[in-house]
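Notes follow the structure.
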Amino acid sequence: MIRGKPKTALEALTRRRFLLGSWPWRALAHLLGTPVVAGAAALALFPPALPWAVALANATGPAPVPWETVLLLVLVGGVLLGAALPVVAAPVARVERWRLRLVDTRPLGGGSRRLGLPRRYTDAAAWREAGYTVLLASAGALMSTALCGLLFILGVITVSPLLVLSGEPIVIGVDTLTAPEQAVGYAVGAALVLVAAPYPVALLAAAHAAVGRALLGGEPLRAELVEVSRSRARLVDLFEAERRRIERDLHDGAQERLVGLTLRLGLARVDLPPDSPAHDDVVAAHDQAKQLMTELRELVRGIHPRVLTDRGLAAALGELADRSAIPVAVEADLPERLPAPVEATAYFVVSEALANAAKHSGATGVSVTARVRGGALVVEVADDGVGGADPAAGTGLTGLADRVAVLDGRLLLSSPAGGPTAVRAELPCAR
Amino acid sequence: MRAVTRVVLAEDGVLLRAGLAGLLERFGFEVVAAVGDAGALVEAVAAHRPDLVLTDIRMPPGFRDEGLRAAVELRRADPDLAVVALSQYVERSYAAELLDSGDGQRVGYLLKDRVVDVEEFAGVLRQVVAGGTVVDPQVVRQLLSRRRDPLARLSAREREVLALVAEGRSNAAIAAHLAVTETAVGKHVGNILAKLDLPPDQDSNRRVLAVLAYLRAEG
């Protein structure tokens with residue numbers, strides 16, 4: 001199996017070269033930050049939780065208070081905490097999402113919303129953030145602090161032979177170290193454990209990340225979809241740029257030279273006496289070259305029309321209309337050039353719609369309109385034909401609908417039996 | 001008028017430029033300068049004072065319509081200068097701009113592909129130098145086809161004749177082309193002018209201008 005670079009601490013854990021890479025350090029950085037954030041969250045939540053602390057102290061204290069008072073304190077504390085949690089959770093979640101990238105580089109999705117205060121209390125995502133904050137301030141704080149402490153102790157033992165030299169005895173659990181010779185054994189053991197420490201550290205970070213992803217991320221499917229549609233849009237942009245490049249190469253290279261060649265054949269044809277043995281061949285060659293010129297021009301036009309690149313959509317629509325078999329009235333209100341993918345998609349929608357109108361509709365006239373409304377290009381092709389166009393019947397519109405969808409646009413078709421047919425594409429212009 | 005027509009040629013494709021220069025020489029034109037961009041075109045015209053400018057519309061540095069801009073500019077400075085512009089695709093605004101420069105005479109707008117029919121192309125150049133106006137048949141055809149009225153009133157044959165008229169052909173040439181008598185062509189032309197509410201006129205050049213003026217007004 002070919003595997004790319006790991007995207008999460010958990011993935012990195014399964015690699016053989018885990019200890020040599022950057023992931024142990026990333027996990028450690030995440031771990032060291034956790035008590036800080038968790039402490040800050042706990043600190044912020046402490047005042048609203050004060051009634052609970054009072055209740056706890058009184059309930060277990062030497063002079064028990066009436067249970068009504070305890071209940072009241074618990075209730076007041078609950079309300080206060082409930083009010084404070086979503087507010088405290090928002091900045092905590094923001095910091096935690098940012099920190100999450102240390103141990104999980106996959107896009108998280110969601111979380112970019114900034115809700116007004118009242119809406120936080122009704123928003124499910126805000127309450128998931130609140131839940132995360134509670135977990136962080138309790139279990140998260142506990143586990144990360146414990147692991148940090150353990151690492152610190154291991155670190156101290158590792159350097160204990162040096163510390164002992166300065167004269168201070170060091171107490172470690174069951175033993176007290178006073179001499180370097182005595183400390184070396186412990187130091188070697190601690191060092192060995194430290195070398196393996198990245199594994200539990202990364203494991204905790206991975207668990208933390210999993211909880212974070214579940215509670216702080218947008219709906220996972222949605223995040224994936226956003227990523228997929230972005231990647232699809234990038235691909236289409238790439239294709240579009242590639243088409244323009246191919247068109248340019250053909251146009252400036254092959255097409256230009258073919259005209260030059262055909263021109264020379266034309267000159268040769270004129271100069272050869274009609275009874276010369278080469279005359280017929282040259283005439284045939286000239287005619288074939290002309291045929292080839294026409295075919296190449298059509299091919300290039302189908303890839304990406306030059307007039308669209310040079311003069312923009314309005315001019316290209318005019319040219320389309322001119323080439324149409326049925327009379328076409330174009331009304332294009334486009335004061336400025338639009339993004340290239342939008343222009344190209346609009347052009348091919350109109351091209352296909354006009355071809356369909358000419359082939360199937362029996363229309364005597366078609367109107368094409370193009371204008372920008374509310375940040376979207378709206379092109380409409382309407383004929384006065386018999387209608388009944390079926391998008392499922394392979395009219396080429398389905399493929400165009402896909403192209404339109406990639407740009408986050410919509411392709412609408414209205415074609416009742418009896419007509420008329422209208423095709424409308426709406427393409428957002430701001431990318 | 002000088003015996004030999006002196007031409008400044010502007011085309012950025014080296015191969016095609018050489019081919020066009022060969023064509024011009026072959027048909028008795030004198031190429032006084034062959035350049036590759038619009039700036040050099042303007043300079044060459046100032047230096048050589050040619051009778052005819054043959055230019056590609058799309059040229060460096062911007063590869064948009066530099067050649068056309070230069071041609072219109074040159075025509076403004078010298079309305080008698082004959083200009084033929086070659087275009088890669090039909091663009092009505094190009095044709096209209098050229099025809100609007102000067103008095104609309106001594107201009108030609110052709111698709112680039114036309115140059116390969118060398119004799120016809122040389123004929124077009126001579127026509128333009130002689131004071132004619134030539135618009136590419138495809139341009140004319142498209143302009144005619146997209147208009148519903150009053151050109152819809154024309155019969156198919158009359159449209160055909162009108163297209164040929166717009167190409168700058170005489171009645172005799174049209175008659176030969178359509179294999180009909182010249183009288184028949186004269187009748188068609190009379191009908192066309194009547195249907196388009198244009199006064200009858202025997203001057204072929206003014207016929208073209210009348211047609212083009214009409215097309216332009218609607219375009």
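The analysis underlying the following values was restricted to heavy atoms, covering all of them including side chains, and did not include hydrogens, waters or symmetry mates. Lettering follows sequence order; numbering is per chain, from 1.
For D65(B), the part sitting under 4.5 Å from any heavy atom of chain A is the side chain, from C-beta outward, and nothing else. With a 4.5 Å cut-off on non-hydrogen atoms, F27(B) touches chain A through its side chain but not through its backbone. If you measure heavy-atom distances from V118(B) to chain A, the contacts under 4.5 Å come from the side chain alone. In this structure, chain A has a heavy atom under 4.5 Å from the side chain of R58(B), while its backbone stays farther away.
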Quick one: do L86(B) and L111(B) satisfy side-chain contact (heavy atoms from CB on, under 4.5 Å)? Show the steps, please.
CA-CA 5 Å; L86(B) 300 176; L111(B) 288 182; over 6 Å; no

**Asked** Passes side-chain contact (heavy atoms from CB on, under 4.5 Å), L412(A) versus E426(A)? Steps please.
**Response** CA-CA 8 Å; L412(A) 310 165; E426(A) 298 168 3; 3.9 Å; yes

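Top candidate by heavy-atom pairs under 4.5 Å with chain A, chosen from R17(B), Q88(B), K112(B), is Q88(B). The most heavy-atom pairs under 4.5 Å with chain B, out of D271(A), L265(A), T294(A), come from D271(A). For the set R269(A), R264(A), R311(A), the entry with the most heavy-atom pairs within less than 4.5 Å of chain B is R311(A). No other option in T262(A), V259(A), L267(A) has as many heavy-atom pairs under 4.5 Å with chain B as L267(A).
The CD1 atom of I174(B) sits 10.5 Å away from the CD atom of E160(B) when rounded to the nearest 0.5 Å.
Looking only at atom types and distance, the side chain of N356(A) has no donor-acceptor partner in the side chain of S361(A) under 3.5 Å away.
In this structure the side chain of D117(B) reaches within 4.5 angstrom of the side chain of H286(A), judged on heavy atoms.
Within the structure, every pair that satisfies the salt bridge (Lys or Arg N to Asp or Glu O under 4.0 Å) test and touches residues 299-309 of chain A, not counting sequence neighbours, is listed here: E247(A)-R306(A), E298(A)-R301(A), R301(A)-E319(A), R306(A)-D310(A).
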